[in-house]
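Presented below is the structure to which this report refers.
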Amino acid sequence: MYSDVFIMAPIRYYPYDSLEKMMAHQIIQDLNSRYTAKKYDADKRISPENLDVIKEAIRLSASSINSQPWKFVLVESDEGKQRLHDTFANKHQFNQLHAKEASHTLLLAYDPAFTKDKFRKRVDAEVSSGHLPAEMYDTFMGAYAFAEMNTDEAGNNASWTKAQVYLALGNILHTLARLGIASTPMEGVDPDLIGEKFAAELDGHVCEVALAMGYHKDGDDWNHGLPKARLAMDDIIATA
């Protein structure tokens, strides 16, 4: 059954002869099924096969100039979950239960000082993968200018690198929806304590957003199965 907000959307936006056919598209079904889980079943785990897909999807995420200025920490062990649980000591306790109940939690961290030397490693990968001809190496290095435009005198470009992390987050959310795995994006985390408890894994990167992943708890997840609440198409998309 479709929500009123979709029924209100003008059909002219879609190259389909009916709203029903558009809504049956796999992408739309994925996005309609995706929601923010509020309660996880601690006894259900993501399979190794699905984890492999999730990890590869993370690796394939887009970023400006292919900068990939990030680090991802997959929290899955009991010890790691306890560390994550402990990072909620001072604030955002409403998300603390996910630390142990979710099958896995992904820490998405950005590099606050993404240098030209670090970018060089990405350009090396461009050439070694066959994506970039070797003779174009120096030309592609010039793309670092996009990072330089967002770097202050102290070498900090956190606002730019953090934006790249959200590109990855969007990609992962859709991947999880396609796999039928529930998720909870959490900006309600403590970057300072995460930086302290996961210092070795983060290697200087900063985590300000995390993603709980797993399977909802039947009967206890009040957000499960509710219709989407989105603005009408005309309210958010204009054509020019």
Side-chain angles (χ1 to χ4, degrees), residues 3 5-6 9 13-14 22-38 40 46 50-76 84 92 95 98-99 102-112 114 119 122 125 131 143 146-147 150 157-189 191 194 202 205-216 221 223-224 226-233 235-238:
S3 65
V5 70
F6 285 112
Y13 285 103
Y14 316 113
M22 186 277 294
M23 294 296 289
H25 193 287
Q26 186 61 62
I27 292 175
I28 302 303
Q29 289 187 348
D30 290 345
L31 296 177
N32 264 320
S33 67
R34 198 219 70 77
Y35 76 105
T36 298
K38 301 300 182 180
Y40 286 90
I46 300 173
N50 280 342
L51 281 175
D52 285 343
V53 173
I54 293 167
K55 291 175 185 178
E56 182 64 3
I58 293 170
R59 193 181 73 88
L60 293 173
S61 294
S63 58
S64 178
I65 62 170
N66 198 22
S67 53
Q68 305 170 70
W70 47 42
K71 189 87 170 182
F72 302 93
V73 180
L74 189 62
V75 181
E76 59 181 1
L84 181 59
H92 305 308
N95 280 327
H98 300 323
S103 172
H104 294 69
T105 298
L106 185 69
L107 307 182
L108 299 91
Y110 60 89
D111 187 343
F114 185 68
F119 180 58
R122 280 66 170 171
H131 184 262
F146 285 95
N150 293 280
N157 43 32
S159 61
W160 182 77
T161 54
K162 181 180 178 181
Q164 312 313 313
V165 165
Y166 283 87
L167 295 179
L169 177 60
N171 181 42
I172 301 162
L173 287 174
H174 193 178
T175 299
L176 293 172
R178 188 71 184 92
L179 293 171
I181 296 171
S183 61
T184 307
M186 302 182 293
E187 281 193 320
V189 295
I194 287 179
L202 290 172
H205 293 68
V206 178
C207 174
E208 295 184 357
V209 61
L211 182 65
M213 306 181 293
Y215 300 93
H216 80 278
D221 185 357
N223 203 33
H224 179 257
L226 297 177
K228 289 291 184 185
R230 299 292 191 268
L231 294 173
M233 195 75 74
D235 289 341
I236 62 169
I237 298 179

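The side-chain heavy atoms of Gln164 and Phe114, taken from C-beta on, include no pair separated by under 4.5 Å. Two residues are said to be in side-chain contact when any heavy atoms from C-beta on lie closer than 4.5 Å; His224 and Lys38 fail this criterion. Residues Leu108 and Ile172 are in side-chain contact: their nearest non-hydrogen atoms beyond the backbone lie under 4.5 Å apart. Taking the side chain as every heavy atom from C-beta outward, Phe72 and Leu107 never approach each other to under 4.5 Å. Ile194 places none of its side-chain heavy atoms less than 4.5 Å from the side chain of Glu208. At least one side-chain heavy atom of Leu51 sits under 4.5 Å from a side-chain heavy atom of Glu76. A 4.5 Å side-chain heavy-atom check between Pro185 and Leu173 finds at least one atom pair inside the cut-off. Proximity of Phe146 to Ser67: side-chain heavy atoms (C-beta onward) are nowhere separated by under 4.5 Å.
In this structure, the separation between CG on Leu179 and CD1 on Ile54 is 5.5 Å, given to the nearest 0.5 Å. Interatomic distance, NE2 of His104 versus CG of Leu84, reported as 12.5 Å (0.5 Å rounding). In this structure, CE on Met213 lies 5.0 Å from CG on Leu106, to the nearest 0.5 angstrom. Note that CD1 of Ile27 and CG of Asn32 are 12.5 Å apart. Values are rounded to the nearest 0.5 Å. If you take CG on Asn66 and CZ on Phe119, they are separated by 7.5 Å, rounding to the nearest 0.5 Å. Rounding to the nearest 0.5 angstrom, the gap separating the CZ atom in Arg178 from the CG atom in Leu176 is 12.5 Å.
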Candidate pair Thr175 and Glu56, rule side chain to side chain contact (heavy atoms under 4.5 Å, CB included), full reasoning: CA-CA 10 Å; Thr175 299; Glu56 182 64 3; over 6 Å; no

Side chain to side chain contact (heavy atoms under 4.5 Å, CB included) between Ile46 and Tyr215, worked out: CA-CA 8 Å; Ile46 300 173; Tyr215 300 93; 4.1 Å; yes

Audit row: Arg230, Ile236, side chain to side chain contact (heavy atoms under 4.5 Å, CB included) steps and yes/no: CA-CA 10 Å; Arg230 299 292 191 268; Ile236 62 169; over 6 Å; no

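The backbone N or O of Ala57 sits less than 3.5 Å from a side-chain atom of Asn171, completing a donor-acceptor pair. A donor-acceptor pair under 3.5 Å links the side-chain atoms of Lys228 to the main chain of Leu31, judged by distance alone. Remark: side-chain polar atoms of Asn95 are paired, donor with acceptor, to backbone N or O of Gly188 under 3.5 angstrom. The backbone N or O of Thr36 sits less than 3.5 Å from a side-chain atom of Asn223, completing a donor-acceptor pair. Within the 3.5 Å criterion, the main-chain N or O of Met22 finds no donor-acceptor partner in the side chain of His25. With hydrogens and angles ignored, the 3.5 Å screen pairs no side-chain donor or acceptor of Thr184 with any backbone N or O of Ala212. Here the side chain of Ser63 pairs a donor or acceptor atom with the backbone of Gln68 at under 3.5 angstrom.
Remark: Lys71 NZ is loosely packed, at most 12 non-hydrogen atoms of other residues, nucleotides or ligands lying under 6.0 Å away. In this structure, Arg34 places its CZ atom where more than 12 heavy-atom neighbours from other residues, nucleotides or ligands lie under 6.0 Å away. Surrounding OH of Tyr35 are more than 12 heavy atoms belonging to other residues, nucleotides or ligands, all under 6.0 Å away. His131 NE2: 12 or fewer foreign heavy atoms inside a 6.0 Å radius.
Shown here for Trp70 and Ala168, the closest heavy-atom pair between the two residues is CZ3-CB, 3.9 Å. The minimum heavy-atom distance linking Leu202 with Ala109 is given by the pair CD2-CB, 3.6 Å. Annotation for Val209 and Tyr166: closest pair CB-OH, 3.7 Å, computed over non-hydrogen atoms. Nearest heavy atoms, Leu211 versus Ser183: CD1-CB, 3.8 Å. Minimum heavy-atom separation, Ala182 to Ala37: CB-CB, 3.9 Å. In plain terms, the two heavy atoms of Ala158 and Tyr110 that are nearest each other are CB-CE1, 3.5 Å.
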